[in-house]
Structure formats: structure tokens, C-alpha cells
Amino acid sequence: LRHQLLHTKRLEAVEQMGAAISHEIRNPLTAAIGFVQLLQMENISKENRVQYLSIIKKELKSAERVIQDYLTFSQPEIRLSETLFVHEELQQAIQLLQPTANRNSVQIVTIFLNDIIIKGDRQKFHQCLVNIMKNAIEAMPSGGVLTVELESNPTNVSILFSDTGAGMTSEQLEHLGEPYYSTKGTRGTGLGMMVVYSIVRAMNGTIHVESEVGVGTTFKFTFISLPTTLDKKEIIEETEKSFVMI
Ligand code: ADP
Ligand code: MG
């Protein structure tokens with residue numbers, strides 16, 4: 001009986017992972033399709049065309065990597081050894097979501113005083129940023145402001161995402177991060193936050209949420225900081241390989 005229970009549990013986990021995979025593949029493909037649509041417009045500048053093509057290439061590669069990472073191994077691995085310049089990662093994710101923000105009349109404001117460096121998995125961290133900011137934009141269907149702020153002290157760094165959107169009830173907050181929990185009907189998967197929580201947890205980070213219905217929501221990610229005084233190259237060389245399972 002015990003054996004059977006274990007087996008059922010494992011099957012559930014596999015099913016859950018399968019759904020998460022398709023979500024992680026759909027995001028980059030949707031982004032690529034969006035930029036292909038932009039490319040189809042007449043009179044776009046050469047500069048924009050080059051930029052859109054490079055984004056499309058990056059997103060398709062990302063989808064390909066997700067497939068490789070998740071389907072060739074039974075357990076997804078997360079790298080903890082990559083050095084992430086949070087400033088750059090945020091700018092890339094914001095650039096990717098800018099067309100979605102524009103469609104919803106959402107203004108994205110960034111308050112980056114200095115750069116922040118953390119250790120983690122670049123691709124998975126990018127996924128977190130996209131999932132969290134996409135939710136924020138979707139919470140403001142008739143416009144609003146998404147503020148992204150970096151905070152740091154000698155030991156910790158925080159990334160804050162504040163939206164002026166719909167907010168969440170305490171019941172919604174309780175279910176946040178549960179697989180398949182979505183208030184978006186067929187337009188939602190309810191997997192975005194599950195992915196965010198598991199990746200941030202794997203990177204030894206914490207997530208703090210504050211929300212008020214009709215006012216908005218703030219997500220605060222906190223990680224252990226790396227010294228920013230080191231030379232970029234030095235930091236990259238310093239990293240050793242370490243993996244954990246998520
Ligand atoms: P999906 O976006 O597909 O619904 P997610 O896992 O990304 O699934 O989010 C789960 C739910 O959490 C959403 O359906 C929504 O109810 C709530 N949520 C997440 N982020 C926000 C936000 N910034 N403002 C309001 N609600 C949010
Ligand atoms: Mg979502």
C-alpha cells in the first residue's frame with residue numbers, strides 16, 4: 001500500500017511538472033509571436049527590426065532550453081552558481097513586457113540607485129521576473145503604474161514590485177502559489193506563482209506580499225547580497241558549481 005501511495009504521489013508530481021513545463025514554454029513563445037506581429041507592421045525602422053529579431057531569437061532559445069532542461073532530465077535542475085546582475089536582468093524582462101504594458105496603458109517606473117548582484121539561475125530568475133510583472137500588468141487592465149525598486153543593505157538585497165491594480169482578498173492571498181489557482185478563468189493557468197515561489201525558494205530567497213483590494217499589490221523578493229565592489233570578471237570566476245532540485 002505504501003508503495004502505491006508513493007507511486008501516486010510521484011505521478012501527481014510528474015503531472016504537475018508537465019503543466020508547469022508547458023507554461024514555461026508558452027511564455028517565451030507568446031512573447032516571440034508578439035514580436036513577430038510587430039515585425040509584420042509596415043514602416044518599422046531597421047533599428048527596431050534588428051532589436052525585435054534578437055528578442056525573438058532569445059525567446060525561442062529560451063523555450064528550447066526549457067524543453068532541454070525539463071524533458072531530457074526527469075528532475076529539473078536549478079543552477080545556483082550563475083552571477084546575476086539584477087539591474088540588467090530587470091531591464092531585459094521589462095523590455096520584453098513593454099508591449100504588454102503598453103496595451104494595458106501600464107507605465108513601468110524603475111527606481112534603481114545601484115546595481116545588485118545575486119547568485120542563481122539566469123533563465124529561471126528571468127522566468128520569475130516575467131511571471132511576477134505579467135501578473136502585475138494583468139491586474140491593471142484599465143491602466144496603472146508598476147513600480148520596480150531595488151533596495152540593498154550590506155547583507156540583503158530586495159526587489160519590490162508594486163502595482164496599482166485590483167489587489168487580492170485574504171482568501172486569494174492564502175491560495176497564492178498553489179498550482180492551478182487562478183482567478184482568470186480560461187485565460188489563467190495558475191502556474192505562474194507556483195513557478196515563482198519554487199525558484200525563489202531554491203535561490204534561498206524569500207517572498208513577502210502585501211495587498212489591498214482596489215488599491216494594489218506589492219511583492220518583495222529578498223536575497224542574500226554579493227559584494228558589488230568586486231570586479232564583474234572576478235565575481236564570475238569566483239563562482240563554483242552547485243545545484244539543487246526544485
Ligand atoms: P494566472 O496568472 O495564470 O492566473 P498565477 O499563478 O500567475 O496564475 O497567479 C495566480 C493568481 O494570483 C492570479 O489569478 C491572481 O488572482 C493572483 N495574483 C497574482 N499576482 C497578482 C497581482 N499583482 N495583483 C492581483 N492579483 C494577483
Ligand atoms: Mg500569471
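Please read all numbers here as calculations on a predicted model, not as lab measurements. Every number for a ligand or one of its atoms is a count from 1 in the order of the listing.
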**Message:** Taking the side chain as everything from C-beta on, heavy atoms only, tell me whether Phe219 gets closer than 4.5 Å to Ile207.
**Reply:** yes
**Prompt:** Do Ile137 and Lys134 touch side chain to side chain, with heavy atoms closer than 4.5 Å?
**Reply:** no
What protein heavy atom sits nearest [atom], and how far away is it?
atom                    : answer
atom 18 (N) of ligand 1 : Met168 SD, 3.8 Å
atom 14 (O) of ligand 1 : Thr183 N, 2.9 Å
atom 10 (C) of ligand 1 : Tyr181 O, 3.2 Å
atom 19 (C) of ligand 1 : Asn135 ND2, 3.6 Å
atom 4 (O) of ligand 1  : Ser182 OG, 2.6 Å
atom 3 (O) of ligand 1  : Thr189 N, 2.7 Å
atom 12 (O) of ligand 1 : Leu176 CD1, 3.2 Å
atom 24 (N) of ligand 1 : Ala139 CB, 3.3 Å

Is there a path of hydrophobic side-chain contacts, each under 4.5 Å between heavy atoms of I/L/V/M/F/W/Y residues, joining [Y] to [X]?
X      : Y      : result
Leu160 : Met133 : no
Val209 : Met194 : yes
Tyr181 : Ile199 : no
Ile132 : Val145 : no
Phe221 : Ile224 : no

Is there a donor-acceptor contact under 3.5 Å from the side chain of [X] to the main chain of [Y]?
X      : Y      : result
Thr110 : Phe112 : no
Gln172 : Thr169 : yes
Arg122 : Thr83  : yes

**Prompt:** Looking at ligand 1, does Asp163 have a heavy atom less than 4.0 Å from it?
**Reply:** yes
**Asked** Within less than 4.0 angstrom of ligand 1, does Gly165 place any heavy atom?
**Response** no
**Request:** Check the pair Lys184, Asn135 against side-chain contact (heavy atoms from CB on, under 4.5 Å), reporting the backbone distance first and the verdict last.
**Result:** CA-CA 10 Å; Lys184 296 171 192 168; Asn135 279 342; 3.0 Å; yes
**Message:** Suppose the cut-off is 2.8 Å; which protein N/O/S atoms would you list for the Mg ion (ligand 2)?
**Reply:** Asn135 OD1
Please list, in number order, the atoms of ligand 1 under 4.0 Å from a heavy atom of [X].
X      : result
Gly192 : 5 (P), 6 (O), 7 (O)
Ala136 : 23 (N)
Thr217 : 24 (N)
Gln172 : 16 (O)

**Message:** Once side chain to side chain donor-acceptor pair (under 3.5 Å) is applied, do any residues pair with Ser152, and if so which ones, sequence neighbours excluded?
**Reply:** none
**Asked** What part of Lys134 sits under 4.0 Å from ligand 1 if we count only heavy atoms: the side chain, the backbone, both or neither?
**Response** neither
**Request:** Just let me know how Ile132 lines up against ligand 1, side chain, backbone, both or neither, with a heavy-atom cut-off below 4.0 Å.
**Result:** neither
Atom pairs and distances, donor-acceptor, side-chain atoms in residues 29-55, under 3.5 Å, two or more places apart:
| residue | atom | partner | partner atom | Å |
| --- | --- | --- | --- | --- |
| Thr30 | OG1 | Arg26 | O | 2.7 |
| Ser45 | OG | Asn48 | N | 3.1 |
| Ser54 | OG | Gln51 | O | 3.2 |

**Request:** Output all residues satisfying ring pair (Phe, Tyr, Trp, His ring centres under 6.0 Å) with His208, sequence neighbours left out; order by chain, then residue number.
**Result:** none
